[in-house]
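To keep things clear, I will list the structure first and then write my remarks on it.
Excluded from the calculations below are hydrogen atoms, water molecules and symmetry mates; all remaining heavy atoms, backbone and side chain alike, are included. Throughout, protein chains are lettered first and strands after them, A, B, ... in sequence-line order, and every chain is numbered starting at 1. Small disclaimer: the values here were computed from a predicted structure and weren't measured.
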Amino acid sequence: MERVISNHYCILPGHFYPVLKLRAYTQLGVIRNYCKGDSVVLPGEVVNKVIFVLAGKLGVSFLNEDGRQKFMFYVDPFTFADRLFAIEECFVHVVAEEDSTVCFFENEPLLRVLQEDRELLIEFITCYASKCTYFMREAKELVLYRPSARVLRLLYELCRAQGKECPQGYVIDQRITQKAISEITGVHFVTISRLFRYLKEENILQKQANKIIVYDLPRLRALIEEEELRF
DNA sequence: CCATTAATATATA
DNA sequence: TATATATTAATGG
């Protein structure tokens, strides 16, 4: 059964292309469980394993010398945090966002099965490709658009990509917090809160805990194109 | 824990 | 210098 490998353009930093075939090889790795909040990789720790998630979710952040940090992405089931080749001086922090089960694959056995199993190799590369696409988008957005425009564009693209028509307009079934949107876009959480208040007051969209209802997609589009935005 | 709000400071065009 | 965004701090769900 061949899966379609096109259109894995990720707007949010998770749900990258899943490497389902790697599930068949977990006996080659070491399985461990983590509780929500546990560190899976500490900043500065050198790991040369691929961390394949079987259940739950991990979060990956970069920490800087000055104490600042940037959230990078979520590792959902059947995707991985990669240290296939160890990186020195890598201040990455990998934390269990939920109770999670992961499988650690050592470099050599994994490279061997990737060579033996062509389908697995294709999935593995496709997972990397979807992640690469996400980060290219993020880099482009950061350079080209101001903070509030980045949030509006994210919402607009989410609506276009996965919004379902409903009586009020479109509904985006996405459980995402304002804090997460803040981390993804690099916009301060207070600014995010004010922006959502404005969008609600203007009857453009409303964010609830587990969904976003878009009432007026054309106006959302128009706001993105406006030079000024007062909220 | 997450979200809201106001007051104030800083950054940027 | 005007406007956008960040920061801080207090407060509530």
Side-chain angles (χ1 to χ4, degrees), chain A residues 11-15 33-43 53 55-77 91-101 135 137-159 162-163 168-216 218-231:
Chain A
I11 299 162
L12 296 177
H15 300 106
N33 290 304
Y34 293 91
C35 292
K36 181 176 179 174
D38 286 350
S39 285
V40 179
V41 178
L42 289 167
V53 173
K57 185 181 354 187
L58 309 182
V60 177
S61 320
F62 280 11
L63 301 191
N64 264 15
E65 323 73 61
D66 60 7
R68 287 196 270 193
Q69 65 180 78
K70 169 76 171 83
F71 170 81
M72 302 307 286
F73 63 95
Y74 295 111
V75 192
D76 294 296
F91 285 80
V92 160
H93 193 197
V94 182
V95 182
E97 300 274 330
E98 303 168 1
D99 290 353
S100 302
T101 304
F135 283 109
R137 178 191 180 277
E138 186 181 49
K140 175 200 69 172
E141 294 290 313
L142 282 165
V143 169
L144 296 180
Y145 302 97
R146 69 193 194 290
S148 56
R150 294 201 298 269
V151 180
L152 296 172
R153 290 172 55 83
L154 181 78
L155 294 167
Y156 182 80
E157 285 193 45
L158 267 182
C159 188
Q162 50 178 278
Q168 303 106 308
Y170 297 90
V171 58
I172 304 165
D173 282 306
Q174 193 78 63
R175 185 168 202 95
I176 187 167
T177 62
Q178 291 190 10
K179 191 169 156 287
I181 295 173
S182 164
E183 288 170 336
I184 291 162
T185 57
V187 181
H188 198 271
F189 68 94
V190 173
T191 307
I192 301 281
S193 178
R194 299 210 302 134
L195 183 57
F196 274 116
R197 182 179 60 182
Y198 171 81
L199 292 169
K200 185 178 170 183
E201 279 168 2
E202 294 289 320
N203 292 308
I204 295 170
L205 63 78
Q206 182 171 5
K207 196 193 93 65
Q208 296 173 3
N210 54 356
K211 64 184 173 199
I212 299 165
I213 303 165
V214 180
Y215 303 117
D216 195 340
R219 272 202 70 205
L220 180 57
R221 174 81 253 167
L223 274 188
I224 289 167
E225 281 158 15
E226 272 173 33
E227 281 300 311
E228 295 194 355
L229 181 67
R230 208 156 309 197
F231 61 90

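At distances below 3.5 Å, at least one donor-acceptor pair connects side-chain atoms of Arg219(A) with backbone N or O atoms of Glu202(A). Of the possible donor and acceptor atoms, one in the side chain of Asp99(A) sits under 3.5 Å from a partner among the backbone N and O of Lys36(A).
Atoms CD (Glu201(A)) and P (dT4(B)) sit 11 Å apart, rounded to a whole Å. The distance from atom CZ of Arg146(A) to atom P of dT5(C) is 5 Å, rounded to the nearest whole Å. Put simply, CG on Leu199(A) is 15 Å from C1' on dT4(B), counting in whole angstrom units. The interatomic distance linking Tyr198(A) (OH) with dT5(C) (C1') rounds to 16 Å, in whole Å. Between Asn210(A) atom CG and dC2(B) atom P there is a gap of 16 Å when expressed in whole angstrom units. As rounded to whole Å, 14 Å separates atom P of dA6(C) from atom CD1 of Ile181(A). Distance CD (Gln178(A)) to C1' (dT4(B)): 8 Å, rounded to an integer number of Å. Atom P of nucleotide dA3(B) and atom CD of Gln208(A) are separated by 13 Å, given to the nearest angstrom.
Atoms CZ and NE2, from Arg194(A) and His188(A) in turn, are 11.5 Å apart once rounded to the nearest 0.5 Å. The OG1 atom of Thr101(A) lies 4.0 Å from the CG atom of Asn33(A); values are rounded to the nearest 0.5 Å. Remark: Tyr170(A) OH to Leu158(A) CG distance equals 14.0 Å, nearest 0.5 Å.
Nearest heavy atom pair, residue Glu97(A) against residue Leu58(A), reads CG-C, 3.6 Å. In terms of heavy-atom proximity, Gln178(A) sits nearest to Phe189(A) at OE1-O, 4.3 Å. Minimum heavy-atom separation, Gln162(A) to Ile172(A): OE1-CG2, 4.0 Å. The heavy-atom pair separating Phe62(A) from Val92(A) by the smallest distance is CE1-CG2, 2.9 Å.
Taking the side chain of Lys207(A) as heavy atoms from C-beta on, and the options dT5(B), dA3(B), dA4(C), the nearest nucleotide is dA3(B).
Counting non-hydrogen atoms of neighbouring residues, nucleotides and ligands closer than 6.0 angstrom, the NZ atom of Lys211(A) reaches no more than 12 such neighbours.
Val40(A) pairs in a side chain to side chain contact (heavy atoms under 4.5 Å, CB included) with only one of the listed residues (Val53(A), Val94(A), Val95(A)), which is Val94(A).
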Taking N or O atoms only and anything under 3.5 Å, show me the protein contacts with nucleotides 11-13 of chain B, one pair per line.
none

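Against DNA chain C, the stretch residues 182-195 of chain A makes heavy-atom approaches under 4.0 Å through Gly186(A), Val187(A), His188(A), Val190(A), Thr191(A), Arg194(A).
For the helix from dC1(B)-dG13(C) to dA13(B)-dT1(C), the end axes, each set by the C1' atoms of five terminal pairs, are bent relative to each other by 20° (nearest 10°).
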